[in-house]
Structure formats: structure tokens, C-alpha cells
Amino acid sequence: MSETQIGGVAATRIAAFAAREAEVYAAARTRTRAALQAGASPWLAGVPMHWMRDWPQPFPMLVAAAKGAVIEDLDGHRIDDFCLGDTGSMFGHSPAPVARAIRAQAGAGLTYMLPTETALQAGQLLCDVFGPMRWQVATTATDANRFALRVARAVTGRPKVLVFDGCYHGTVDDAMVCLEGGKTIARPGLVGQVEDLSLVAVAVPFNDLAAVERALAAGDVAAILTEPVMTNSCMVLPAPGFHDGLRDLASRHGAVLIIDETHTISSGLGGYTRVHGLKPDIFVVGKCVAGGVPTAVWGLTPELATRFAAYDATRPSGHSGMGTTLSANPLQFAALVATLSQVMTPTNYARMEAGAARLCAGLSKVVKRRKLPWHVVRVGARVEFICAPGPLRSGSDAATAHAPALEAALHIGLLNRGCLIAPFHNMMLISPATNRAQIDRLIAAFDAVTAQLFET
Ligand SMILES: Cc1ncc(COP(=O)(O)O)c(C=O)c1O
């Protein structure tokens, strides 16, 4: 009987490699293990956030400190960080201007429910960087997307959001759907899901304008919610003309186009939208927008803002379903202004772009030399190796390409060689603080790990 192959490697070989690497990881972390044994039990499942268990290591790495693109664990390992808080720290850990702004605000109050002069400055900077929108602040990109959807439903009077199969926009309930046999269904793993999500959402394949048009023709879609590039499974790039087609279809069918730039902010200054001239009705970005301080922003075009104001004037006063108490606090504005004016700069983006191009070229060379049936994709500062041939065109292509057992083995192999990459896919980010030596070490580690898996 022939052996099961995953990404070109025998499953038994992957398992043996992963087991060896798990032992190496554990042997090098006696302090971490002892600390976990002493202090993890008050947490549900041993961690303060359930997905912290989903890393491939046999037990979590406890972080002692992080600065720039280096993270240090409790056992004193200094690790090159390409995960960068999976985008929250895409501009490096504690960028100096943000750290200064936080220190200055720390003595002047942390939350007031009132705006500040710095908030007014932040609004202008948001327009300068992302375009002349009418902005609101939230604490997470999840919330920003939820609020954007409310506005879209309010102005259109329609119930549904159109999302792409395989998408992720945070824990927005309505977007937690997928396609099965051509039908929109709730994702099978959702905890405590009782509402029938097909009443409020429709999923279609990415890059399929005909399917988008068919869904919009039903007349019940309030908004299309999409990332410019699908980044949350294996990366799927938009086909030429896809975004122009989406814009055109949204306008023709009266749906609001929401572009979620939370990950594609890696593309360059102003995100993929500015770099590639997209024209969303609502623009959303979170995670790194305030340098790592929990902040998201969402902006409406002036036209949509006018439509929303007309709607707003007609609704009864009271809860809107948008906003949380700690959102729009002065710490967020201090960090937002520091990030937008001193961190998210053309110079920093140029460094990130050059570093990512170096990483992409280095990994691609290894893939080619070893004749791996894999490919490498890049969106600005975001690079991903995918353990299957490319390019991918849809979420279902991405799901097929995803190779969890192989990826977990690779991740722990890379970590044991000093490089941390994002846990749920093979994503690597280059910050302005990431230097060439770190990038070259990651390429060398990738070479060493693939040698172990592929060489006989
Ligand atoms: C594209 C996109 N939008 C929104 C979110 C949600 O961000 P948060 O978890 O900060 O709410 C994510 C998280 O990964 C994301 O990838």
C-alpha cells in the first residue's frame, strides 16, 4: 500500500520529524514548563485565550519581552519574530514613537468617554493616509466590521452580507459561513451557534464575479465584505479585473462595498486600497493601525456618510448596537497619531517591502532547488509559503492546499532554529525593524527544515 503524502512528504516522515522537534523544544524550555505547571490551572484550558493552545509546540512559549523584531522567551531564547502578533505588531514591537506616546498619556488618564485634541488630529491623519472618509474608532477589527455591517444594513434596508468562502473578518457572527455543495451554511466549529446564518449571509467563491452577480440579483444583499486578498487561509490573490468587477456589481445592485484592510495593510502606505486604487464605500483597518494598542478604525465615503446621517435622523434614540465603552479612548488616539505620523511612513514601508522581497526570493529559491511542489506568495510586507502548487484562485483551493500536519512540523522546526512564524498558516511579516541577517536566518532555517523532510 502506498504511503499517504502531504505536500510531497510522507505522513510518517512528517510525524517522526515533528516528534523529534517537539522533544527539542521541550528540552530547551525547563523554566517555561515549570512556570506553566505552577500557574496555568486558573485559566480555562490552561491559557487566557483558547487559540493560544493552537500553536504546534507541545506547550506554549511564555514571552518575557519583545522589542523590534525580536521576541525573548522565559528560558532566555532570543527569537526572530516573523509572526509579529499576527499583524498587530507589523511595525515592530513597541515602536519608539508609540511607546513614547503611551508613556506620555499614561499620566493623563486612560479613558474618559470624551474626545481630545489628539483625537481631532488623528481624524485628519486618517484622511491623509487612507483617504477622505468619515471615521469612527473601535477597539478591534471585529467590532469595526460589525459596525460597518450595521450601517450597510441601515442604509440599504436589506438583511444579508455577501462574503467569500474561506474568508475571516474576525469573530463577526454573520460572516462565519462557508459554502457546502453550493449552499451557504454556518461553519461547523462555531460554539453555541443558534441563529440560521444563511438568513443573514451568503457565501460565494472568491474571484467568481458571475457567482457574486447571481447572489446580488436576489436583491437582499446589503453589503459585500471582503479583503482585497484572501489572507486567512492560504493566500489567494485577486484575479485581474476582480476588484473593478466587484465595485461595478456593488454599485449596479445597490450593495455597500466594505473593504477590510486589516491584513492587507501590509501592501504599502494606505493599504491595498490606496496602492491599487480600490474604491470602497466603507474602509476598515485594525490590528497594527495604532502600533499594537488595541484599535481599529472604519471610515465611510462622504456620500455614504450623508446617506447614513439621513437614516440616523429617522431612528428612535437609544442603543444603536454600535460602540463599546472603552473605544475611542485617549490612549488609542495617542498611539494612533504616533503610528500614522511617525511609524506608517513611506520610508518604513520601503524597508518592509525590500525585506519581504528578499525573503520571498530566498524561500522561492529553496522551493525551486529542492523541486518542492510548493509556491511562495507576497503582498507587500506579508510573505507566505504554501505547501501546494499555485496560484490559488478560491477559498476551496486554499482549503485543499492547507496541510496542517506538515505546517505544524515546519513551524516547530523553524522555531527550534530561532524563527517564529504565524501559527495557523505559513505567514511571515517583515517589520521596519527586521534586518537582513534575520531574513537570511529564516531562509537558512527553511532550507535546513525542508532538507530534513525531503532529503533521503
Ligand atoms: C481580515 C481580518 N479582519 C478582521 C480581523 C479581526 O481582527 P481582531 O481579531 O483584531 O478583531 C482579522 C483577524 O485576523 C482579519 O484577518
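In each ligand, atom 1 is the first atom listed, and ligand 1 is the first ligand listed. Positions are given from 1, in the same order as the sequence printed here.
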Q) What is the minimum heavy-atom distance between Tyr349 and Ser266, and which atoms define it? A)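 Closest approach of Tyr349 to Ser266, heavy atoms only: CE2-O, 4.2 Å.
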
Review point. Where do Leu392 and Cys234 come nearest, in terms of heavy atoms and distance?
Key: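 For Leu392 and Cys234, the tightest heavy-atom pair comes out as CD1-CB, 3.5 Å.
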
Checklist entry - Got the residues with a heavy atom under 4.0 Å of ligand 1, by chain and number? => result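 Shell around ligand 1 (4.0 Å, heavy atoms): Thr140, Ala141, Thr142, Asn145, Tyr168, His169, Gly170, Glu227, Asn232, Asp260, Thr262, His263, Lys287.
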
Exercise. Check side chain to side chain contact (heavy atoms under 4.5 Å, CB included) between Leu209 and all other residues, then give those that pass, not counting sequence neighbours.
Key: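 Only Phe242, Leu246, Leu249 meet the side chain to side chain contact (heavy atoms under 4.5 Å, CB included) criterion with Leu209.
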
message = Suppose we screen for side chain to side chain contact (heavy atoms under 4.5 Å, CB included). Which residues come up paired with Thr156, at least two apart in sequence or across chains?
response =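 For Thr156 the side chain to side chain contact (heavy atoms under 4.5 Å, CB included) partners, ignoring immediate neighbours, are Arg158, Ala222, Val256, Arg307.
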
Q) Thr184 side chain to Ala203 main-chain N or O, any donor-acceptor pair under 3.5 Å? A)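 Between the backbone of Ala203 and the side chain of Thr184 there is a qualifying donor-acceptor contact (under 3.5 Å).
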
May I have the list of side-chain donor-acceptor pairs in residues 131-145 shorter than 3.5 Å, sequence neighbours left out?
from, atom 1, to, atom 2, distance (Å)
Trp135, NE1, Met133, O, 3.3
Thr139, OG1, Ser327, OG, 2.7
Thr140, OG1, Asp143, N, 3.0
Thr142, OG1, Thr171, N, 3.2
Asp143, OD1, Arg146, NH1, 2.5
Asn145, ND2, Ala141, O, 3.3
Asn145, ND2, His169, O, 3.1
Asn145, ND2, Asp260, OD2, 3.0

